Amino acid sequence: MRILVTNDDGAGAHGLSVLHQIARALSDDVWIVAPEMNQSGASHALTLQVPLRHREIGERAFAVRGTPADCVIMGVKHVLKDKAPDLVLSGVNHGANLAEDVTYSGTIAGAMEGTLLGIRSIAMSLTIGFDPEGKQHWKTPLEHGPRIVEQLLAADWPAMTLMNVNYPDLAPGDVKGIVATRQGRRDQGGLRIEERNDTWGDPYFWVGFERRRSDPPPGTDLRAIADGLISVTPLHLNLTHEAVREALGASLRLGGPGRLKDAG
């Protein structure tokens with residue numbers, strides 16, 4: 001099995017090293033193509049107005065001056081053009097990718113791009129920031145990751161679907177289990193903008209979410225992490241809302257009330 005590994009935290013991120021070890025536990029044919037710089041929050045952006053550049057940073061490892069989606073495209077269409085990968089792994093992200101995070105996340109976008117290219121793809125993220133001693137439990141994905149990937153690859157996936165795996169902020173032995181979940185939704189009241197002044201006295205702003213515990217609904221990715229479980233969420237790239245589409249199909253008509261007047 002040929003595996004392509006990428007992330008959004010950058011080619012020097014510790015989580016990328018963890019994911020490389022997970023991949024190496026599954027195959028000897030592992031390649032890294034990751035962003036030169038941190039691309040957190042880049043979502044599914046592509047670099048279209050400037051040329052892409054890449055450099056070799058190790059054996060079977062390349063850094064791309066671009067986004068996670070750029071990296072997967074470069075990996076599949078250039079670096080591994082002789083033989084496409086069988087699996088794309090993206091992460092392990094420094095922080096969870098839950099609920100609406102999936103719309104912002106470069107980690108998820110790396111797996112999305114692999115899925116669009118017809119390759120099974122898995123995103124992995126580690127919840128960080130809730131351990132009372134401030135520990136970061138990288139051993140948790142390292143210990144549980146290979147078996148999770150094996151189980152997912154043994155399952156039947158529909159087309160245009162990727163897997164979003166999130167690990168709780170716990171040591172490997174303290175994880176309560178693993179569960180298939182649906183995408184949750186956070187309270188947007190936690191979104192904040194912090195204003196500061198630079199050394200010249202000019203204002204600048206930081207956007208972020210307050211880290212706080214909540215009581216999310218059962219069955220969601222947020223609930224699983226709150227309960228100390230590993231969350232596996234199948235994400236589908238067809239964003240069509242079928243019920244609304246069917247309702248619109250029965251009501252949309254040209255002409256009649258509400259018809260737009262001709263310009264002028």
Side-chain angles (χ1 to χ4, degrees), residues 1 3-30 32 34 38 40 61 87-99 101-102 105-108 110-111 120-155 157 162-184 186 211-216 218-235:
M1 178 170 59
I3 302 175
L4 174 62
V5 174
T6 192
N7 74 344
D8 73 351
D9 289 324
H14 181 65
L16 185 70
S17 174
V18 171
L19 191 61
H20 184 247
Q21 293 178 69
I22 292 172
R24 289 284 295 171
L26 301 167
S27 172
D28 293 329
D29 192 5
V30 178
I32 294 174
N38 192 309
S40 295
L87 174 67
V88 171
L89 296 178
S90 185
V92 174
N93 193 64
H94 187 276
N97 276 306
L98 305 164
D101 293 344
V102 303
S105 168
T107 302
I108 301 296
R120 281 189 165 193
S121 300
I122 302 170
M124 289 191 175
S125 304
L126 174 65
T127 305
I128 287 173
F130 293 102
D131 185 275
E133 298 179 7
K135 295 179 180 178
Q136 296 182 4
H137 297 286
W138 291 104
K139 287 185 179 179
T140 299
L142 193 59
E143 181 169 320
H144 295 294
R147 178 60 180 151
I148 290 173
V149 173
E150 287 178 337
Q151 291 181 67
L152 291 177
L153 292 179
W157 302 10
L162 62 103
M163 297 293 173
N164 180 29
V165 178
N166 281 273
Y167 299 92
D169 194 5
L170 296 170
D174 294 330
V175 174
K176 305 299 190 297
I178 182 170
V179 62
T181 60
R182 65 180 183 275
Q183 181 184 344
R186 285 196 183 87
R211 286 187 176 174
R212 60 190 187 190
R213 294 193 180 276
S214 59
D215 187 24
T220 63
D221 49 9
L222 294 168
R223 180 79 261 167
I225 294 301
D227 290 343
L229 300 162
I230 297 171
S231 168
V232 178
T233 310
L235 299 176

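Keep in mind that what you see is a predicted model, and the values were worked out from it rather than measured.
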Over all atoms of both residues, closest heavy-atom pair of [X] and [Y]:
{"X": "I22", "Y": "G145", "answer": "CG2-C, 3.9 Å"}
{"X": "I3", "Y": "A23", "answer": "CD1-O, 3.8 Å"}
{"X": "I225", "Y": "Y167", "answer": "CD1-C, 3.8 Å"}
{"X": "P146", "Y": "L26", "answer": "O-CD2, 3.7 Å"}
{"X": "P168", "Y": "I230", "answer": "CD-CG1, 3.8 Å"}
{"X": "L222", "Y": "A99", "answer": "CD1-CB, 3.9 Å"}

Separation between [atom1] of [X] and [atom2] of [Y], rounded to the nearest 0.5 Å:
{"X": "L235", "Y": "I108", "atom1": "CG", "atom2": "CD1", "value": "6.0 Å"}
{"X": "L142", "Y": "Q21", "atom1": "CG", "atom2": "CD", "value": "5.0 Å"}
{"X": "T181", "Y": "N166", "atom1": "OG1", "atom2": "CG", "value": "8.0 Å"}
{"X": "I178", "Y": "H144", "atom1": "CD1", "atom2": "NE2", "value": "9.0 Å"}

Please check if the side chain of [X] supplies one atom and the backbone of [Y] the other of a donor-acceptor pair under 3.5 Å.
{"X": "R24", "Y": "V30", "answer": "no"}
{"X": "T220", "Y": "R182", "answer": "no"}
{"X": "N97", "Y": "S125", "answer": "no"}
{"X": "D169", "Y": "I128", "answer": "no"}
{"X": "S27", "Y": "M1", "answer": "yes"}
{"X": "N38", "Y": "S40", "answer": "yes"}
{"X": "H137", "Y": "P172", "answer": "no"}
{"X": "D221", "Y": "G184", "answer": "yes"}

Do [X] and [Y] come within less than 4.5 Å of each other through their side chains, counting heavy atoms only?
{"X": "V165", "Y": "L152", "answer": "yes"}
{"X": "D9", "Y": "N93", "answer": "yes"}
{"X": "R120", "Y": "L162", "answer": "no"}
{"X": "D227", "Y": "K176", "answer": "no"}
{"X": "F130", "Y": "L170", "answer": "no"}
{"X": "L16", "Y": "H20", "answer": "no"}

M163 and V232: CA distance, side-chain angles, deciding distance, side-chain contact (heavy atoms from CB on, under 4.5 Å) verdict
CA-CA 7 Å; M163 297 293 173; V232 178; 4.2 Å; yes
I'd like to check the salt bridge (charged side-chain N to carboxylate O under 4.0 Å, His left out) partners of R147; sequence neighbours left out, ordered by chain and number.
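Testing R147 for salt bridge (charged side-chain N to carboxylate O under 4.0 Å, His left out), a comparison that skips the adjacent residues, returns E150.
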Aromatic plane relationship, H14 with W138 - under 30° parallel, 30 to 60° tilted, over 60° perpendicular:
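Perpendicular, since the angle between the ring planes exceeds 60°.
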side-chain contact (heavy atoms from CB on, under 4.5 Å) partners of A180, counting only residues at least two apart
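Result, side-chain contact (heavy atoms from CB on, under 4.5 Å) vs A180: none returned.
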Verdict with supporting geometry, L87 and V149, side-chain contact (heavy atoms from CB on, under 4.5 Å)
CA-CA 10 Å; L87 174 67; V149 173; 3.9 Å; yes
Please evaluate residues M124 and N164 with respect to the criterion side-chain contact (heavy atoms from CB on, under 4.5 Å), reporting the C-alpha separation (whole Å), side-chain torsions for both, the decisive distance (0.1 Å), and the verdict.
CA-CA 6 Å; M124 289 191 175; N164 180 29; over 6 Å; no
Pairs where residues 134-144 contributes a residue and the test salt bridge (Lys or Arg N to Asp or Glu O under 4.0 Å) is met, not counting sequence neighbours
E133-K135
Verdict with reasoning, L98 to R186, per side-chain contact (heavy atoms from CB on, under 4.5 Å):
CA-CA 9 Å; L98 305 164; R186 285 196 183 87; 4.1 Å; yes
